[in-house]
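Here's the structure we're looking at; comments come further down.
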2 protein chains.
Amino acid sequence: MTRPRGRPAQGKTVARDDILNVALTLLDEGDGQGLTMRALAARLGVTPMSLYHHVGDQAGLLRALSERVYTEVLEGIDKLVDHRAEIRMLLTRYHQAVGRHPQLTLAIFATPEAFSGVTREITDRLTTLLAEITTEPMLCHILIDHAHGSGLALASARNERQAQAMQEQYQHALDSLLDRFAPPS
Amino acid sequence: MTRPRGRPAQGKTVARDDILNVALTLLDEGDGQGLTMRALAARLGVTPMSLYHHVGDQAGLLRALSERVYTEVLEGIDKLVDHRAEIRMLLTRYHQAVGRHPQLTLAIFATPEAFSGVTREITDRLTTLLAEITTEPMLCHILIDHAHGSGLALASARNERQAQAMQEQYQHALDSLLDRFAPPS
DNA sequence: ACCTGAACACCGTTCAAGT
DNA sequence: ACCTGAACACCGTTCAAGT
């Protein structure tokens, strides 16, 4: 009558990487309500509680996702001699990351415990770089806020062509901001 | 055995205004998870389902809240002759509204159906005003994004003194942006 | 018009128990 | 170490029924 308990004889262990991948698609394919511990477990063919072993609770899951997504922003950014070029690169990649996973960004905003050190790394790197080319301390916040807003707006692009156009508009705005606050000397 | 059904003889009708007031405090006093239809109803001494009669479903509730909060932004803004002064006033009030109800702002971000026409009115007014003093079309987005980001950050102020200081920093940044994109002629 | 209880289909998370 | 079922305390929302 009762189904078998415990770890099944042939049971495959679910990989942490798979959890994160599937979680990310659940988050992106819906309106943000698609990612639940139960739905995630079901999609992975596993009991909800087994997830807790790999990623902790829901905030832990979000933090892991945030790490995975935002780490890509820092990867392959060589310390350029040209500060301005490095700033552009960093922000463009960040903007893209937000645009690719807007629901993740919103979820993190609403879940302070989900903040990962990676985002801190990004903003720290940006502030030190910006300190080299401008004396306006608020420029960093302005740039990051705009990356958020514009990145989130990217979600409402109707097709790839429009998304491309919005990306270019962002680049333009970014250049304009840098020009006006830190004119190339 | 069974408790009475239907409208109680002396039952007071719950007022829509009370619903919104209590909903707003539930939203603000917690970490954003405090506002649920059931908790709201309980606080009002009413069954959850009675709420649906007044504000519709959860998205309707959020839209009503958004209207109440953001309408105050537009109120008492006389059309000033000085475009720049009006822009400053509009954004400062918007920034304050976001800062006072950060969780509402986040909830609306995550719930597109909750968008009220009022926010559209605000951005429309801003765009037409900005068109008068600058040719950079993205300035409007930059200003609104920064109002969002800085307003949301206001939530993490540890005391009123610090909040005041952050408000002033926002003003400063706003002026700086306007100066650089639309220098007073 | 306005409020009610019951019901449906969900949630996150803890726990003790299996292998 | 890793997975399990059962249970607890919640959700939003629909429905038919009361006054």
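Convention: sequence-line order gives letters A, B, ...; per-chain numbering from 1. Side-chain atoms are counted along with the backbone in the values below, which use heavy atoms only and exclude waters and symmetry mates.
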For this session: Just need the stems in DNA chain D: three or more back-to-back Watson-Crick or G-U pairs, each with both distances under 3.5 angstrom, sorted by first number.
Result: C:4-8 with D:12-16, C:12-16 with D:4-8
Problem set entry | Contact under 4.0 Å: Thr47(A) side-chain N or O vs dT4(D) OP1/OP2 | yes
Exercise. Which residues pass the side-chain hydrogen bond (donor to acceptor under 3.5 Å, both in side chains) test with Arg68(B), sequence neighbours left out?
Worked result: Asp17(B), Asn21(B)
Exercise. Salt bridge between Glu136(A) and Arg180(A), side-chain N to carboxylate O under 4.0 Å?
Worked result: no
Exercise. Tell me, which of residues 16-26 of chain A have any heavy atom that sits under 4.0 Å from an atom in DNA chain D?
Worked result: none
Exercise. Between atom CD1 of Ile87(B) and atom CG of Leu177(B), what is the distance when rounded to the nearest 0.5 Å?
Worked result: 12.0 Å
Seminar exercise, completed: Between CE of Met49(B) and P of dG5(C) the distance, given in whole Å, is 8 Å
Exercise. Can a salt bridge be assigned to the pair Glu72(B) and Arg100(B) using a cut-off of 4.0 Å between side-chain N and carboxylate O?
Worked result: no
Side-chain donor/acceptor pairs under 3.5 Å, residues 149-166 of chain A, sequence neighbours excluded:
| from | atom 1 | to | atom 2 | distance (Å) |
| --- | --- | --- | --- | --- |
| Ser150(A) | OG | His95(A) | NE2 | 2.8 |
| Ser156(A) | OG | Ala153(A) | O | 2.8 |
| Asn159(A) | OD1 | Arg161(A) | N | 3.2 |
| Asn159(A) | OD1 | Gln162(A) | N | 2.7 |
| Gln162(A) | OE1 | Arg158(A) | N | 2.9 |

Problem set entry | Thr119(B) vs Thr123(B), side-chain contact (heavy atoms from CB on, under 4.5 Å): CA-CA, chis, key distance, verdict | CA-CA 6 Å; Thr119(B) 42; Thr123(B) 60; 5.6 Å; no
Problem set entry | Lys/Arg-Asp/Glu bridge criterion (N-O < 4.0 Å) met for Asp179(A), Arg84(A) | yes
Problem set entry | Residue pair Thr105(A) / Tyr70(A), side-chain donor-acceptor N/O under 3.5 Å | yes
Exercise. Tell me, which of residues 50-67 of chain A have any heavy atom that sits under 4.0 Å from an atom in DNA chain C?
Worked result: Tyr52(A), Asp57(A), Gln58(A)
Exercise. Would a line drawn from the ring center of Phe109(B) to the ring center of Phe109(A) be shorter than 6.0 Å?
Worked result: no
Problem set entry | Nearest-angstrom distance, P atom, dA9(C) to dA9(D) | 23 Å
Exercise. Rounded to the nearest 0.5 Å, how far apart are CG of Leu143(A) and CG of Leu139(A)?
Worked result: 4.0 Å
Exercise. From Arg88(A) CZ over to Asp82(A) CG, what is the distance, rounded to the nearest 0.5 angstrom?
Worked result: 10.0 Å
Problem set entry | Strand-adjacent residues in residues 28-39 of chain A, judged by heavy atoms under 4.0 Å from DNA chain C | Thr36(A), Met37(A), Arg38(A)
Exercise. Between atom CG in Leu44(B) and atom P in dT4(C), what is the gap in whole Å?
Worked result: 11 Å
For this session: In whole angstrom, give the distance that lies between atom CG of Leu40(B) and atom C1' of dC11(D).
Result: 14 Å
Problem set entry | Gap between atom CG of Leu61(A) and atom CZ of Arg16(A) - 0.5 Å precision | 9.0 Å
Exercise. Salt bridge between Glu29(B) and Arg43(B), side-chain N to carboxylate O under 4.0 Å?
Worked result: yes
